[in-house]
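A quick note: this is a predicted structure, and the numbers were derived from the prediction, not measured. Numbering starts at 1 and runs along the sequence shown.
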Amino acid sequence: EVSDAMLTSAFSKYPSFAKAKVVRDKRTGKSKGYGFVSFLEPHDFIRAFKEMNGKYVGNRPIKLRRSKWKERMKKVKNFKIRE
């Protein structure tokens, strides 16, 4: 099973690496099979994508995708409630 430390170890070679987190079930503590890796600079994400996508960390292959979090936040900010 992949841990936060394993993800951190795999991605800390990128200068703007900020954080790695495996998402876990709150009840059991078991991994849900995905996690998040943050970079401060987009060029490091691009480099990591080219170098790490499809590689294994522990027993799991890495599938990197750009977060859509900012896009979701824009939608929330633009959402207006009708009264």
Side-chain angles (χ1 to χ4, degrees):
E1 188 170 290
V2 177
S3 66
D4 294 350
M6 290 170 78
L7 273 183
T8 297
S9 177
F11 287 95
S12 62
K13 65 182 177 182
Y14 301 100
S16 73
F17 167 79
K19 184 179 179 180
K21 180 80 176 155
V22 174
V23 177
R24 299 191 173 282
D25 182 278
K26 289 179 184 176
R27 265 187 316 120
T28 65
K30 289 190 137 207
S31 168
K32 288 190 172 187
Y34 65 96
F36 296 93
V37 178
S38 300
F39 298 95
L40 301 175
E41 298 293 333
H43 65 271
D44 279 333
F45 165 74
I46 293 167
R47 190 172 143 222
F49 184 86
K50 290 177 181 175
E51 294 174 3
M52 298 292 290
N53 204 36
K55 301 278 170 120
Y56 277 75
V57 172
N59 61 347
R60 302 294 304 241
I62 298 294
K63 295 178 186 174
L64 293 173
R65 294 187 192 109
R66 186 173 165 265
S67 172
K68 297 182 192 260
W69 182 79
K70 286 185 182 179
E71 293 168 16
R72 280 185 269 163
M73 290 307 293
K74 286 180 187 174
K75 289 179 184 177
V76 169
K77 286 181 183 176
N78 293 330
F79 181 72
K80 293 181 182 169
I81 299 173
R82 292 184 186 185
E83 295 181 12

[X] [atom1] to [Y] [atom2] distance, which is reported to the nearest 0.5 Å:
X	Y	atom1	atom2	answer
K19	L7	NZ	CG	12.5 Å
S9	D4	OG	CG	12.5 Å
F45	R65	CZ	CZ	10.5 Å

Determine, stepwise, if the pair R60 / M6 fulfils side-chain contact (heavy atoms from CB on, under 4.5 Å).
CA-CA 11 Å; R60 302 294 304 241; M6 290 170 78; over 6 Å; no

Path from L40 to F17 over hydrophobic side-chain contacts below 4.5 Å:
no

Search all heavy atoms of [X] against all heavy atoms of [Y] and return the closest pair with its distance.
X	Y	answer
V57	A10	CG2-CB, 3.8 Å
G33	S31	N-OG, 3.0 Å
G54	P61	O-CB, 4.3 Å
I62	F11	CG2-CZ, 4.1 Å
T8	A20	OG1-CB, 3.6 Å

Considering only NZ, NE, NH1 and NH2 on the basic side and carboxylate oxygens on the acidic side, decide whether E41 and R47 come within less than 4.0 Å.
no

Are any non-hydrogen side-chain atoms of Y14 and V37 less than 4.5 angstrom apart?
no

Tell me if a side-chain donor or acceptor on D44 pairs with a main-chain N or O of F39 at a distance below 3.5 Å.
no

So does K30 get a backbone contact from the side chain of D25, meaning a donor-acceptor N/O pair under 3.5 Å?
no

